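Each remark here refers to the structure printed beneath this line.
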4 protein chains.
Amino acid sequence: MENDEERRKPGRPRDATVDDAIMDAVVDLLTEFGFRGLTIDAVAHRAGVGKATIYRRWSSKEALVLDAWMACYPVEAVPDTGSLTGDLIAHSRQFRDAVTTGVFGRVLPQMVAAARVNEDLAEVFRRLVAERRARVRVALDRAVERGELSAGVDLELVQDLLIGPLFYRTLMSGEPSSDELIAEVVAIVLAGVLSTAG
Amino acid sequence: MENDEERRKPGRPRDATVDDAIMDAVVDLLTEFGFRGLTIDAVAHRAGVGKATIYRRWSSKEALVLDAWMACYPVEAVPDTGSLTGDLIAHSRQFRDAVTTGVFGRVLPQMVAAARVNEDLAEVFRRLVAERRARVRVALDRAVERGELSAGVDLELVQDLLIGPLFYRTLMSGEPSSDELIAEVVAIVLAGVLSTAG
Amino acid sequence: MENDEERRKPGRPRDATVDDAIMDAVVDLLTEFGFRGLTIDAVAHRAGVGKATIYRRWSSKEALVLDAWMACYPVEAVPDTGSLTGDLIAHSRQFRDAVTTGVFGRVLPQMVAAARVNEDLAEVFRRLVAERRARVRVALDRAVERGELSAGVDLELVQDLLIGPLFYRTLMSGEPSSDELIAEVVAIVLAGVLSTAG
Amino acid sequence: MENDEERRKPGRPRDATVDDAIMDAVVDLLTEFGFRGLTIDAVAHRAGVGKATIYRRWSSKEALVLDAWMACYPVEAVPDTGSLTGDLIAHSRQFRDAVTTGVFGRVLPQMVAAARVNEDLAEVFRRLVAERRARVRVALDRAVERGELSAGVDLELVQDLLIGPLFYRTLMSGEPSSDELIAEVVAIVLAGVLSTAG
DNA sequence: CGTTAAGCGAGACGGTACGTCGTGTCTTTGT
DNA sequence: ACAAAGACACGACGTACCGTCTCGCTTAACG
């Protein structure tokens, strides 16, 4: 068996306040200059920290930014509105807002690009996606239980159908996704799923 | 009256063969080293060209790569298979292949990210999207004429619903989109659209 | 025998006014930015001339500047004051002024340096020196005739002894050479030469 | 009370061996390619050093080369031969050799030119000259003590008279200065100084 | 209570790429 | 054939970051 507490390493322990200072600095600089304009030197200076201290904790600029960026993701539970349509609309709006506004939305494309190149990031990235989908899954499972969806429906595909268009509009065509549009998407997808499954 | 062609600028005109050499070099290096591994020096050397000649034509690495990258986009007409379902499946496969394979797919995330930062790139980017959508629009209009779709359907939204999920799976969740999945997406979206419009 | 007039070359003859425009531009830019700050592009632009036109006439930046610079050298005859001392003092002052003031003095060190590297320039440079020395030689010969100097004196060495110190002070120690100093130098050198020759 | 040595600056101290490596590289490249052919990149590569490391220490190519070049100046004490004539001949030969041969002589004109443009260099330059003159001054003072020179003689002017001609011949007329010529210069100058002072 | 080992801010280090500038040549159209 | 204009290949420039490496110092736990 392991030690009661895992064995304390010798030497001075890491200063936890430093992590926060670094994270804050990254978010600040990300807001101000974006991903491309962010430099490790600037982070170190803004956080009042040596560069080595940063590299001791993160292996690269991408990993550092990913951490700070994920902390900006607004993790909200998918609300239980009573109807599947209501739940999905609520969540779609959350997603749209997260992807459109603030630091998170601003940096998203860069992180997608970085994840394509770096497998470590890709892994973390996949976890972020999976975590969000699991929360939506809860609402879908609820709907199955209520009989709003038949058991044979591919619930993962439903998520792709709902989120995909919003994601695409934001990144590719650059057009906004209004509340009305979201409602329409939800309506069409649910109608399609129901009539197809039957 | 104006001159037949607008007045020739004085001085030595730009050498058009140089543009091609540069474009080819960019595609080669993009294939070999990806976006991050591509350097202007390497492009210049590979193309047998001075760096200044590149900067005379493109203002940044992103603009340069965007040009070369767009030339890799396989512009195929959406085939007329006789049925809307068949047309949309065919086009969805084209899109999936373009986005998944080759230089185009490899560099896509980087270009999306670059477009977010640089408005010039965003503009060019939007044109690429619009051009593709116009081709799909032809197939959708055909379907309306045939009576497969009622006139009230938002044809642009249909495109978002079809392409969005594929785009999302490729960039976010990283999962492949099989032919079966594409068929399912097309079926669900069409069913949803039809039952909702009625 | 040659043609009465030497054979006219075919094609458009060179425009002589262009040479003047270039020379003027070089002197202007030399005055403003010095040798290091002068660029061929700037000369061409200031003179309203193509770069090729410059290179058609001068083989390099150094040659171009040398020409313009030599045109600034104030060629004055060594005055005949009646006494050797007077002649040498007068000429020494001319030399000091040329070397200290104006474009000529300012660019002199750069031309010395350029001549060290480029043999063509060195040759032209030597001619400039020889031409000046020949003029002084006239005054010295006059003095020999008058009996102020005995025939055995090495007149070339006398020139080195007179000019050398002024040249050295200007370029190396950076100290000015006053009229009094010049008078002293002339006095000492003449006294030395006379007492040694005797 | 102050610290024995002034307080150590924070951060990693500069590596002194790097300075030496750079200086050596500069001398090598100067010997091989001259001032014009020397590039900062080449120095960095030859010294196994980053370019930034060079620019951290020297502000320009001129300043860098000046430092390396001054280290090549053969500082020899003016020998005490017993007679002023002997001392001055010995020193004049040293000067001629320094100015004529090796890296020092080769680069001298460029440094003179650079010093004319850059005041920082000019300052360092003046110190080099002053240092050399101080050593000659010792020999001249010795002569005054011995009674070879009367106290009224301007010893600085004597230096100009001796060195100037050699300097002038090297840089301007390009003619060599033989041992015989040096002997003659020394003889004439001393004779002139003595007969004038009396 | 002093030793030890790691953390810390600071900043120098070897590199790599950048985007600009200058050189000397070449290629247009117009004289 | 010469001229202005300006594109061209080349190559050096000086800057900016990267990620690593010393420095001198602090900060705990262990002996």
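Letters A, B, ... mirror the listed sequences (proteins, then strands); counts begin at 1. Heavy atoms only: backbone and side chains are in, while hydrogens, waters and symmetry mates are out. Just so it is clear, the model here is predicted, and its values are computed rather than measured.
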Legend entry - Whether C:Glu62 side chain and C:Ala114 backbone form a donor-acceptor pair below 3.5 Å: no

Inset, instruction - Would you check if C:Leu66 and C:Trp58 make a side-chain contact, meaning some heavy-atom pair closer than 4.5 Å? - result: no

Legend entry - Any B:Val27 side-chain heavy atom under 4.5 Å of B:Thr31 side chain: yes

Legend entry - Nearest atoms (heavy-atom pairs only) where A:Ala115 meets A:Leu121: CA-CB, 4.0 Å

Legend entry - Taking every non-hydrogen atom, the tightest pair across B:Ala68 and B:Val26: CB-CG1, 3.4 Å

Just how far, in rounded Å, is [atom2] of [N] from [atom1] of [X]?
X       : N      : atom1 : atom2 : result
B:Lys51 : F:dA12 : NZ    : P     : 12 Å
A:Leu64 : F:dC18 : CG    : C1'   : 13 Å
B:Arg12 : E:dT27 : CZ    : C1'   : 5 Å

Inset, instruction - To the nearest 10°, let me know how far the axis at one end of the helix from E:dC1-F:dG31 to E:dT31-F:dA1 is tilted from the axis at the other, five pairs an end. - result: 10°

Legend entry - Any A:Thr53 side-chain N or O less than 4.0 Å from OP1/OP2 of E:dG9: yes

Inset, instruction - Kindly write out the residues that satisfy salt bridge (Lys or Arg N to Asp or Glu O under 4.0 Å) with A:Glu123, not counting sequence neighbours, or none if the list is empty. - result: A:Arg126, A:Arg127

Legend entry - Whichever of A:Gly48 and B:Pro10 has its nearest DNA chain E nucleotide further upstream toward 5': A:Gly48

Legend entry - Non-neighbouring partners of B:Arg12 that pass side chain to side chain donor-acceptor pair (under 3.5 Å), sequence neighbours left out: none

Legend entry - Which residues share a side chain to side chain donor-acceptor pair (under 3.5 Å) with A:Arg56, sequence neighbours left out: none

Legend entry - Contact residues, residues 108-123 of chain D to DNA chain E [heavy atom, < 4.0 Å]: none

Inset, instruction - Tell me which residues in residues 54-63 of chain B put a heavy atom below 4.0 Å from DNA chain F, sorted by number, or none. - result: B:Arg56, B:Arg57

Legend entry - Contact residues, residues 16-47 of chain D to DNA chain F [heavy atom, < 4.0 Å]: D:Thr39, D:Ile40, D:Asp41

Do any side-chain atoms of residues 15-23 of chain B form donor-acceptor pairs under 3.5 angstrom with protein atoms, and if so which ones, sequence neighbours left out?
residue, atom, partner, partner atom, Å
B:Asp15, OD1, B:Thr17, N, 2.9
B:Asp15, OD1, B:Thr17, OG1, 2.7
B:Asp15, OD2, B:Thr17, OG1, 3.2
B:Asp19, OD1, B:Arg57, NH1, 2.2
B:Asp19, OD2, B:Arg57, NH1, 3.1

Legend entry - Residue pairs, two or more places apart or on separate chains, that pass salt bridge (Lys or Arg N to Asp or Glu O under 4.0 Å) and touch residues 21-31 of chain D: D:Asp28-D:Arg46

Legend entry - Residue list, side-chain contact (heavy atoms from CB on, under 4.5 Å) with D:Lys61, at least two apart or on another chain: D:Phe35, D:Leu38, D:Ile40, D:Val65

Inset, instruction - Taking side-chain contact (heavy atoms from CB on, under 4.5 Å) as the test, write out the residues that go with A:Asp120, two or more places apart. - result: A:Asn118

Legend entry - C:Tyr73: ring-ring contact (aromatic ring centres under 6.0 Å, His included) partners, not counting sequence neighbours: C:Phe104

